[in-house]
2 protein chains.
Amino acid sequence: MRETPVSPPERKPSRIQTENRQRIRDAALGLFATQGFRGTTLDQIADACGMHKPNLIYYYESKEAIHIDLLNTLMEEWLSPLGAMDPGGDPLEEILGYIHRKMEMSRLYPRESRLFANEIVQGAPRMLPHLESTLKPLFDSQCGIIAKWIKDGKIADLHPAHLIFSIWAVTQHYADFEAQIAVLLPGDDKRARGADQFVEVMFRKVLTP
Amino acid sequence: MRETPVSPPERKPSRIQTENRQRIRDAALGLFATQGFRGTTLDQIADACGMHKPNLIYYYESKEAIHIDLLNTLMEEWLSPLGAMDPGGDPLEEILGYIHRKMEMSRLYPRESRLFANEIVQGAPRMLPHLESTLKPLFDSQCGIIAKWIKDGKIADLHPAHLIFSIWAVTQHYADFEAQIAVLLPGDDKRARGADQFVEVMFRKVLTP
DNA sequence: TCGTAACTTTACCAAATGGTAAAAAACTTG
DNA sequence: CAAGTTTTTTACCATTTGGTAAAGTTACGA
């Protein structure tokens, strides 16, 4: 029995704490991604990670705390490819590289993609501040890089912000709308490669001056 | 008191039935779109359309029935622009026209777009059969039209299915991810026009052989 | 205009759900 | 290994929520 639960931990989290929080996040990620926040119950999360409900609350003070921690934890690694565009590199290859990395993420981390999709579609109730403070500055900076490439005539003259939107839209579509794509384009095996090729060809055409 | 509720109606629905079902659908649409199915309560729907909860159940036998009716009712008008592509028309203008209509729908009917987005992101639990039976044949047929245009050298050689996916992705992104776009690109007034122009230019480049 | 069917409202209910209390078990450390 | 601390488990609880029962009210055709 403890009066003050260990979450949030006063000092350093123990090994068990680190592990179990990770287990919880991993289970919650899949459920939140496909059922949304309200569509997911604590019992489901507990089941999925082989723990009991009160144990979740021992590590996270509420269901919402799990969701928030997930969003915050995943946000930066989700955005990291955007920041990786190098202003000194070859413009066309930098952007195509970014697109390639986004496609890879859609394939490897569809749960993360859908988690964010759910959050944004529903008006980003828990992420708006984070979008303002973290995404916006990065976005503006990368738009600036693209604008310069355009001014230098290295790539086609397109509105940088809308260009990034279209990249996000197309690449994340493959993760977020997979259920639909699976119906319309059966034949699992080579779908990913076909998508990669298409996106590469499409954006190369778009970006070439 | 009635033993057999009037839903589903045995014969022809009365004027009041038609009106009230419409009121319910309209209220439910906005709520399901931004909160998802499980995130929306019957009380919220009742509130939003100025009715009492049991009254909803008088017109729809369950919350799920409202959701299903919404999806079915909106599906065909949502898809109608795709079917409107004319195999006899000018290929480039037909596709660009379709894109234009999709952008318009994103602007005019964001709730419908988000309703479907929610449904698909969550694995289309209530729409999979409908996708198979209604969307798939239409999709295949329109892919066929595009394939022929490609074979005739009228537009660039791109995988028709992925082309349509990219059109859906980009156009619907403006409705589904509006919360994010509003943060990244403030200044409401000319955002829609900028988006329209961008998308037009982008796909014209992509489609031109 | 009157009777009946259609519609609305009030008062409920059972199950699900987020969360708590506190005892039991396991682990750590002097 | 003993004492204290952390972690897990069992038993609950209050609220929310989808839905029902049934009485009250309105609309409408004969």
Side-chain angles (χ1 to χ4, degrees), chain A residues 1-28 31-32 34-70 125-126, chain B residues 1-29 31-32 34-71 125-126:
Chain A
M1 196 271 267
R2 274 303 311 279
E3 298 242 317
T4 309
V6 191
S7 50
E10 302 85 353
R11 284 285 162 220
K12 53 212 160 189
S14 72
R15 179 184 51 86
I16 289 184
Q17 268 180 48
T18 312
E19 275 178 18
N20 281 349
R21 275 173 213 257
Q22 186 49 49
R23 265 171 69 195
I24 294 171
R25 275 195 301 262
D26 187 60
L31 291 164
F32 285 147
T34 52
Q35 307 191 323
F37 177 73
R38 288 227 30 207
T40 301
T41 70
L42 283 177
D43 284 307
Q44 289 176 327
I45 301 175
D47 252 25
C49 65
M51 293 170 75
H52 290 205
K53 187 163 60 170
N55 216 347
L56 301 183
I57 301 302
Y58 176 75
Y59 289 108
Y60 284 99
E61 66 186 1
S62 68
K63 179 173 128 177
E64 190 170 16
I66 303 178
H67 195 231
I68 291 174
D69 189 36
L70 262 181
R126 289 176 246 277
Chain B
M1 199 270 269
R2 273 306 308 282
E3 298 245 317
T4 310
V6 191
S7 48
E10 301 85 355
R11 284 285 162 220
K12 51 213 161 191
S14 74
R15 178 185 50 85
I16 290 184
Q17 267 180 50
T18 312
E19 278 177 16
N20 282 350
R21 276 173 211 256
Q22 185 50 51
R23 265 171 68 197
I24 293 171
R25 274 195 300 264
D26 187 61
L29 171 56
L31 290 163
F32 285 146
T34 52
Q35 307 191 323
F37 177 72
R38 289 231 24 211
T40 301
T41 71
L42 282 176
D43 284 306
Q44 288 177 326
I45 301 175
D47 251 26
C49 64
M51 293 171 76
H52 290 210
K53 187 165 58 170
N55 216 348
L56 300 183
I57 301 300
Y58 177 75
Y59 288 108
Y60 284 99
E61 65 185 3
S62 67
K63 179 174 128 178
E64 189 170 17
I66 304 178
H67 195 231
I68 291 174
D69 189 37
L70 262 181
L71 291 174
R126 290 175 246 276

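Labels below follow one simple rule: chain letters A, B, ... track the order of the sequence lines, proteins then strands, and each chain is numbered from 1.
- Only R38(B), listed by number, bring a heavy atom of residues 36-45 of chain B to less than 4.0 angstrom from any atom of DNA chain C.
- Comparing dT7(D), dG19(C), dA11(D) by their closest approach to the side chain of P54(A) singles out dA11(D).
- Regarding contacts with the backbone of dC28(D), a side-chain N or O of R15(B) is found under 4.0 angstrom from either OP1 or OP2.
- The distance from atom CZ of R21(A) to atom P of dT6(D) is 13 Å, rounded to the nearest whole Å.
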Query - Paired and unpaired positions of DNA chain D as dot-bracket, Watson-Crick or G-U wobble under 3.5 Å, | denoting a partner strand - result: ||||||||||||||||||||||||||||||

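- Q17(B) has no side-chain polar atom (N or O) that falls below the 4.0 Å cut-off from OP1 or OP2 of dA6(C).
- Here the side chain of R126(B) pairs no donor or acceptor atom with the backbone of I68(B) at under 3.5 angstrom.
- Atom CG in L56(A) sits roughly 13 Å away from atom C1' in dT7(D) (whole-Å rounding).
- When distances run from any side-chain atom of N55(B) to the nucleotides dG18(D), dT8(C), dT9(D), the shortest one goes to dT8(C).
- Closest non-hydrogen pair, I45(A) versus A27(A), comes out as O-CB, 4.0 Å.
- With hydrogens and angles left out, the side-chain atoms of R25(B) and Y59(B) include no donor and acceptor closer than 3.5 Å.
- For I16(A) and dT9(D), the CD1 to P distance is 12 Å, given to the nearest whole Å.
- Distance from the side chain of Y59(A) is smallest to dT8(D) among dG18(D), dT8(D), dT9(C).
- Mapped onto DNA chain D by nearest heavy atom, E64(B) and M51(A) fall at different nucleotides, with M51(A) at the one closer to the 5' end.
- Listed candidates were dT8(C), dT6(D), dG18(C). Nearest to the side chain of K53(A) is dG18(C).
- If you check dC7(C), dT7(D), dT20(D) against the side chain of I57(B), the one that comes closest is dT20(D).
- Here the nucleotide nearest the side chain of N20(A), chosen from dT20(C), dT8(D), dG18(C), is dT8(D).
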